[in-house]
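Report on the structure given below.
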Protein chains: 2
Amino acid sequence: MSANAPAGYDPHAFEPFAVTVDLAVFTVRDSRLHVLLVERGADPYKGYWALPGGFVLPRESAESAARRELAEETGLTEGTVSAFHLEQLRTYSDPDRDPRMRVVSVAYAALVPDLPEPRGGGDAASARWWDARTPGPLAFDHDRILADAHDRIGAKLEYSCLATAFCPPEFTLGELQQVYETVWGVELDRPNFRRKVLTTPGFVQAVEGSPRRTGGRGKPAALYRAGAATALHPPLLRPEGRST
Amino acid sequence: MSANAPAGYDPHAFEPFAVTVDLAVFTVRDSRLHVLLVERGADPYKGYWALPGGFVLPRESAESAARRELAEETGLTEGTVSAFHLEQLRTYSDPDRDPRMRVVSVAYAALVPDLPEPRGGGDAASARWWDARTPGPLAFDHDRILADAHDRIGAKLEYSCLATAFCPPEFTLGELQQVYETVWGVELDRPNFRRKVLTTPGFVQAVEGSPRRTGGRGKPAALYRAGAATALHPPLLRPEGRST
DNA sequence: ACAATAGTGTCTTTCAGACATTATAAT
DNA sequence: ATTATAATGTCTGAAAGACACTATTGT
């Protein structure tokens with residue numbers, strides 16, 4: 001803003017903007033990427049599914065609003081939710097994106113570990129996890145937002161350590177690899193993946209006195225925690241120029 | 001927005017938000033990264049320098065507003081300006097970022113070739129190019145926005161062909177290398193840079209019947225145009241984990 | 001002749017892809 | 001035994017870093 005407020009600019013002079021946040025909450029479940037959706041109970045788009053979200057209140061930032069909505073929609077406490085990765089995606093401002101009024105929405109992507117089915121904490125009675133690739137037509141421009149969010153997360157896995165945000169505090173390398181394979185929709189070579197993760201300083205850190213967790217069959221896997229690193233140098237590039 | 005408008009929500013019920021755009025317009029000049037700033041003629045922050053920007057009008061998107069402001073502040077036509085690279089950065093929404101009222105700002109980064117000194121086309125009488133690294137304290141939260149913009153551009157040079165956006169339609173590989181060195185603040189090995197650029201399909205395309213442009217002394221350099229490629233696979237990583 | 005910039009070629013190191021092999025568990 | 005998953009090791013090829021060398025201009 002800021003530079004050129006028309007002299008004597010009156011905030012109430014023309015129809016105001018509403019500012020909202022929309023959340024693409026992702027998790028990896030059963031080797032599929034899932035996104036949290038809520039069913040709309042009122043028009044417009046009554047009966048459609050939509051990304052959870054809500055208005056930014058007069059005295060809070062968009063970040064705060066997003067964090068608050070994340071807690072409400074997942075039914076978890078603010079404390080729990082504060083550990084989840086939440087990042088701003090981009091802002092959607094088409095004048096006609098909401099038929100009721102001028103609504104500018106700041107979209108966020110949240111990455112959470114596998115959670116229990118959401119209990120309807122907020123005003124959205126029905127919230128569910130959906131497969132992120134086949135969400136059918138969503139309300140408003142949420143198909144677009146969801147697609148953008150998916151793209152961004154996929155891209156960030158390449159050059160950041162973000163994948164651990166999908167995992168519980170202690171995880172196996174197999175689980176971490178599942179995250180990559182699921183988000184990218186490709187299969188990775190396990191030995192090469194191990195090598196890359198383990199030789200990147202600070203990506204993961206072995207849990208000492210190594211307890212081992214069994215994934216059912218097979219040899220138990222060593223456990224790791226997320227390391228201190230945040231960036232991946234050099235990056236872990238996906239096999240081909242994929243998008244989904 | 002969208003999910004949970006309180007039933008019977010009245011847009012005028014509480015103090016409205018203003019939505020603005022702020023622009024970080026970058027160019028490379030004399031081997032230094034420059035950013036376009038305007039001097040504020042009124043309070044708050046009277047006399048401070050600020051990123052150009054302005055209000056989003058009731059019937060336009062933030063993108064349109066940013067493009068419009070870019071034309072106004074550079075004094076160029078919308079047609080000229082439509083060729084420049086303009087991308088959304090992120091949105092700043094701290095409740096106290098503007099002392100006058102609640103202002104949410106969508107920030108954009110614009111990359112332009114070396115332009116003539118801006119003529120005050122808009123209401124901002126004084127607009128100037130400043131060294132992007134030492135802009136002194138700017139108005140509002142614009143120091144933060146500028147730093148974020150610089151970081152983002154630096155990061156995008158690694159995995160995109162964006163550097164050509166700083167160059168005129170025809171440019172030499174030396175000029176392209178200057179862009180990288182200037183934005184990253186490092187020196188690159190020329191032979192290796194050449195090899196990387198020329199072996200990346202679609203990054204640049206040689207101008208046939210090669211006219212050659214002299215940069216003063218030395219051997220004349222071949223000219224290139226930006227290619228069709230938009231992404232860089234594999235990326236062109238900067239030497240160390242730098243940020244400025 | 002010399003300085004300055006453009007361009008080529010080569011050696012070495014790093015790292016990713018491919019894939020064989022061993023290890024440890026459940027059935 | 002068989003199957004399933006985890007972990008190690010090795011070979012190869014692609015690409016980056018370092019750097020020597022040639023080419024073409026202005027002064």
Side-chain angles (χ1 to χ4, degrees), chain A residues 30-31 157-159 167 170-182 184 186-201 203-208 210-224 229 231-242, chain B residues 30-31 157-159 167 170-182 184 186-207 210-224 229 231-242:
Chain A
D30 308 323
S31 302
L157 289 193
E158 292 195 327
Y159 55 92
C167 299
E170 300 193 341
F171 52 87
T172 70
L173 293 187
E175 290 168 344
L176 189 62
Q177 183 174 348
Q178 271 294 328
V179 170
Y180 278 90
E181 294 182 332
T182 299
W184 286 348
V186 299
E187 294 213 331
L188 301 178
D189 180 82
R190 190 136 41 85
N192 294 340
F193 181 80
R194 278 184 72 78
R195 180 181 55 193
K196 177 63 181 176
V197 171
L198 294 179
T199 62
T200 299
F203 192 171
V204 298
Q205 128 191 47
V207 173
E208 292 303 340
S210 52
R212 316 187 142 242
R213 167 200 292 176
T214 166
R217 302 277 279 278
K219 176 175 175 177
L223 291 177
Y224 295 85
L232 223 52
H233 268 289
L236 202 170
L237 300 176
R238 58 192 122 181
E240 276 306 286
R242 305 287 308 279
Chain B
D30 307 324
S31 301
L157 289 193
E158 291 196 327
Y159 55 91
C167 298
E170 300 193 340
F171 52 86
T172 69
L173 293 187
E175 290 166 345
L176 189 63
Q177 183 174 346
Q178 270 294 329
V179 169
Y180 277 91
E181 294 182 331
T182 299
W184 286 348
V186 298
E187 294 213 331
L188 301 178
D189 181 82
R190 189 138 41 86
N192 293 340
F193 181 81
R194 278 184 72 78
R195 180 180 55 193
K196 176 63 181 175
V197 171
L198 294 179
T199 63
T200 299
F203 192 172
V204 298
Q205 131 189 47
V207 173
S210 51
R212 318 190 140 239
R213 166 201 293 175
T214 165
R217 304 277 280 278
K219 178 176 175 177
L223 290 178
Y224 296 85
L232 223 52
H233 268 289
L236 202 171
L237 300 176
R238 60 192 120 181
E240 276 307 283
R242 303 289 308 278

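Atom set for the values below is all heavy atoms of this structure, side chains included, hydrogens, waters and symmetry mates excluded. Numbered from 1 within each chain, the chains take letters A, B, ... in sequence-line order.
Heavy-atom distances to DNA chain D give each of B:Gly218 and B:Pro235 a nearest nucleotide, and the one nearer the 5′ end belongs to B:Pro235.
Listed candidates were D:dA7, C:dA18, C:dG7. Nearest to the side chain of A:Ala221 is D:dA7. Here D:dT27 is the nucleotide among D:dA6, C:dG7, D:dT27 with the atom lying nearest to any side-chain atom of B:Arg217. Here the side chain of B:Pro220 is nearest to one of D:dT24, C:dG7, D:dG17, namely D:dT24. Comparing atom distances between the B:Arg194 side chain and each of C:dA6, C:dT8, C:dA26 picks out C:dT8 as nearest. Taking the side chain of B:Pro234 as heavy atoms from C-beta on, and the options C:dA25, D:dT24, D:dA16, the nearest nucleotide is D:dA16.
For the pair B:Glu181 and B:Leu188, the tightest heavy-atom approach, listed with the atom from each and the gap, is OE2-N, 2.8 Å. For the pair B:Pro201 and B:Ala229, the tightest heavy-atom approach, listed with the atom from each and the gap, is O-CB, 3.5 Å. Closest approach of B:Leu176 to B:Cys167, counting heavy atoms only: CD1-SG, 4.1 Å. When all heavy atoms of B:Leu173 and B:Arg194 are compared, the closest pair comes out as CD1-NH1, 3.4 Å. In this structure, A:Trp184 and A:Leu237 approach most closely via the heavy-atom pair CH2-C, 4.1 Å. Across B:Leu232 and B:Glu158, no two heavy atoms sit closer than the pair CD2-O, 3.6 Å.
In terms of phosphate contacts, B:Lys196 brings no side-chain nitrogen or oxygen within less than 4.0 Å of OP1 or OP2 of D:dA15.
Distance CD (A:Glu175) to P (D:dT5): 13 Å, rounded to an integer number of Å. Straight-line distance from the CZ atom of B:Phe193 to the P atom of C:dG9: 19 Å, rounded to whole Å. Remark: P of C:dA16 and CG of A:Leu232 are 9 Å apart, rounded to the nearest angstrom. Nucleotide D:dA6 holds its P atom 13 Å from the CG atom of A:Leu198, rounded to whole Å. Distance, B:Asp189 CG to C:dT13 P: 17 Å, rounded to whole Å. To the nearest angstrom, P of C:dT5 lies 17 Å from CG of B:Leu176. Atom pair A:Glu187:CD and C:dA18:P shows a separation of 12 Å (rounding to whole Å applied). One can place CG of B:Leu188 at 13 Å from P of D:dA16, the figure rounded to the nearest angstrom.
In this pair, A:Tyr180 and A:Phe193 present their aromatic rings perpendicular. The plane angle is above 60°, beyond the 30 to 60° band.
The CG atom of B:Asn192 sits 9.5 Å away from atom CD of B:Gln177, with the distance rounded to the nearest 0.5 Å.
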Identify all pairs in which a protein N or O lies below 3.5 Å from an N or O of nucleotides 20-23 of chain D, and state each distance.
none

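Evaluation of atom-type donor-acceptor distances gives a pair under 3.5 Å for the side chain of A:Arg190 against the base of D:dA6. With hydrogens and angles ignored, no donor-acceptor pair closer than 3.5 Å exists between the side chain of A:Arg195 and the base of D:dG9. Counting distance only, with no hydrogens placed and no angle test, the side-chain atoms of B:Asn192 and the base atoms of D:dA18 include a donor-acceptor pair under 3.5 Å.
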